[in-house]
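Every heavy atom of this structure was used, including side-chain atoms; hydrogens, water molecules and symmetry mates were not. Numbers restart at 1 for each chain; the letters A, B, ... are given by sequence-line order, proteins then strands.
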Protein chains: 2
Amino acid sequence: MKNKDAVTALGALAHESRLAIYRLLVAAGHEGLAAGVIAERLHLPPATLSFHLKELSHAGLAISRQEGRYVIYTANFGNALKLVNYLTENCCGGNSYLPECAAVPAAAETAN
Amino acid sequence: MKNKDAVTALGALAHESRLAIYRLLVAAGHEGLAAGVIAERLHLPPATLSFHLKELSHAGLAISRQEGRYVIYTANFGNALKLVNYLTENCCGGNSYLPECAAVPAAAETAN
DNA sequence: TTCATATTTCCAATAATATGGAAATATTAA
DNA sequence: TTAATATTTCCATATTATTGGAAATATGAA
């Protein structure tokens with residue numbers, strides 16, 4: 001992961017509403033959530049939600065698919081993992097005691 | 001870690017210069033770096049650097065100490081880990097959507 | 001069709017961040 | 001002392017991000 005991509009992803013998560021949106025998406029798994037459901041749960045006006053969803057999508061942290069007249073959003077788990085690995089390697093000195101799921105790929109990647 | 005703290009920390013790292021600063025601090029380890037050294041390495045004017053260092057400090061990601069006429073900055077590794085843990089808990093931990101998570105049953109390193 | 005619902009885009013106002021010169025402050029050396 | 005160096009604060013400006021109503025677009029239902 002390049003520095004610039006990390007900055008973009010970090011910036012996408014560095015907002016209360018977007019972090020909340022992302023956490024909802026993570027909780028929803030691969031099934032995802034319709035935009036309207038997110039709007040309802042977080043009490044966000046449609047235009048505001050759309051703006052934040054676009055930010056998350058552009059940052060590579062959310063993926064959308066049209067399903068009927070709904071647009072379903074899912075978390076991009078692969079890129080979330082890349083971000084965590086980047087932070088672990090570059091910001092924690094490679095030390096991460098918790099997540100094996102994050103630490104293992106980092107170890108396999110070796111020096112960077 | 002509270003959502004608000006996570007947003008603050010993410011925001012602090014979501015800037016090219018600050019991410020670069022933080023990575024320098026991580027590389028410098030416990031010893032840390034004088035502000036002037038950081039300014040020189042990243043070609044940042046004193047006022048601009050000071051602004052970013054303040055952001056990192058306020059976010060709990062950097063610690064400063066006065067040493068003679070220098071101010072030495074170090075990375076706050078503990079808080080960086082907390083941030084990574086927060087992200088893995090909320091953004092990829094606690095579920096099996098990631099193949100890496102499912103594929104690694106606490107194999108190699110010291111778990112948790 | 002025509003209507004109802006879902007979502008996005010447009011847009012302009014507002015808010016938040018970033019920039020860096022210049023002055024102020026802090027510390028040491030002479 | 002006085003001078004020199006290191007860093008921060010002040011402050012005006014510039015840039016970017018956020019907000020949400022209203023209009024536009026998309027799809028399915030009647």
Side-chain angles (χ1 to χ4, degrees), chain A residues 3-25 28 31-76, chain B residues 3-25 28 31-76:
Chain A
N3 291 348
K4 202 185 255 180
D5 297 327
V7 168
T8 302
L10 289 164
L13 293 176
H15 185 283
E16 199 175 1
S17 295
R18 286 196 297 268
L19 190 56
I21 292 167
Y22 191 73
R23 292 177 64 184
L24 281 184
L25 294 183
E31 196 180 331
L33 288 173
V37 174
I38 301 170
E40 193 182 23
R41 294 213 193 149
L42 299 181
H43 306 100
L44 291 173
T48 300
L49 175 67
S50 205
F51 168 79
H52 289 310
L53 285 172
K54 191 166 66 176
E55 291 288 303
L56 286 169
S57 298
H58 284 174
L61 293 171
I63 299 167
S64 67
R65 64 176 194 269
Q66 185 108 28
E67 227 171 68
R69 69 171 125 177
Y70 302 92
V71 177
I72 309 292
Y73 282 85
T74 51
N76 187 333
Chain B
N3 291 352
K4 203 186 242 180
D5 298 327
V7 168
T8 302
L10 289 164
L13 293 175
H15 185 284
E16 199 175 1
S17 295
R18 285 196 298 266
L19 188 56
I21 291 167
Y22 191 73
R23 293 181 64 189
L24 281 184
L25 295 183
E31 196 179 335
L33 288 174
V37 174
I38 301 170
E40 193 182 25
R41 294 214 194 148
L42 299 180
H43 305 100
L44 291 173
T48 301
L49 174 67
S50 205
F51 168 79
H52 289 310
L53 285 172
K54 191 167 65 178
E55 290 288 303
L56 286 169
S57 297
H58 284 174
L61 292 172
I63 298 168
S64 67
R65 65 175 192 269
Q66 185 109 27
E67 228 171 68
R69 70 171 124 178
Y70 302 92
V71 178
I72 309 292
Y73 283 86
T74 50
N76 188 333

query = Near DNA chain D, under 4.0 Å by heavy atom, which residues of residues 57-72 of chain A?
reply = Q66(A), G68(A), R69(A)
task = Answer yes or no: does a side-chain N or O of T48(B) lie under 4.0 Å from OP1 or OP2 of dG20(C)?
result = yes
Between side-chain atoms of residues 3-11 of chain A and protein atoms elsewhere (two or more places apart, or another chain), which donor-acceptor pairs fall under 3.5 Å?
from	atom 1	to	atom 2	distance (Å)
N3(A)	OD1	Y86(A)	OH	2.6
N3(A)	OD1	R23(B)	NH1	2.5
T8(A)	OG1	K4(A)	O	3.0

ask   = Do any of residues 33-41 of chain A sit with a heavy atom less than 4.0 Å from DNA chain C, and if so which?
value = A34(A), A35(A), G36(A)
Identify the pairs formed between an N or O of the protein and an N or O of nucleotides 16-18 of chain C at a distance under 3.5 Å, and give each distance.
from	atom 1	to	atom 2	distance (Å)
dA18(C)	OP1	R18(B)	NH1	3.4
dA18(C)	OP1	R18(B)	NH2	2.9
dA18(C)	OP2	R18(B)	NH1	3.0

For residues 55-75 of chain A, which side-chain donor-acceptor pairs fall under 3.5 Å, sequence neighbours excluded?
from	atom 1	to	atom 2	distance (Å)
S57(A)	OG	L53(A)	O	2.9
R65(A)	NE	E67(A)	OE2	2.8
R65(A)	NH2	E31(A)	O	3.0
R65(A)	NH2	E67(A)	OE2	3.1
Q66(A)	NE2	G68(A)	O	3.4
T74(A)	OG1	I63(A)	O	3.4

key: Partner set under side chain to side chain contact (heavy atoms under 4.5 Å, CB included) for H52(B), not counting sequence neighbours   = H15(B), S17(B), R18(B), I21(B), T48(B)
ask   = What's the spacing between I38(A) CD1 and S50(A) OG if we round to 0.5 Å?
value = 10.5 Å
request  = Could you list where the contact with chain B starts and ends along DNA chain D, reading 5' to 3', using a 4.0 Å heavy-atom cut-off?
outcome  = dA4(D) to dT9(D)
ask   = At under 4.0 Å between heavy atoms, what does P45(B) touch on the DNA or RNA strands: base, sugar-phosphate, or nothing?
value = sugar-phosphate
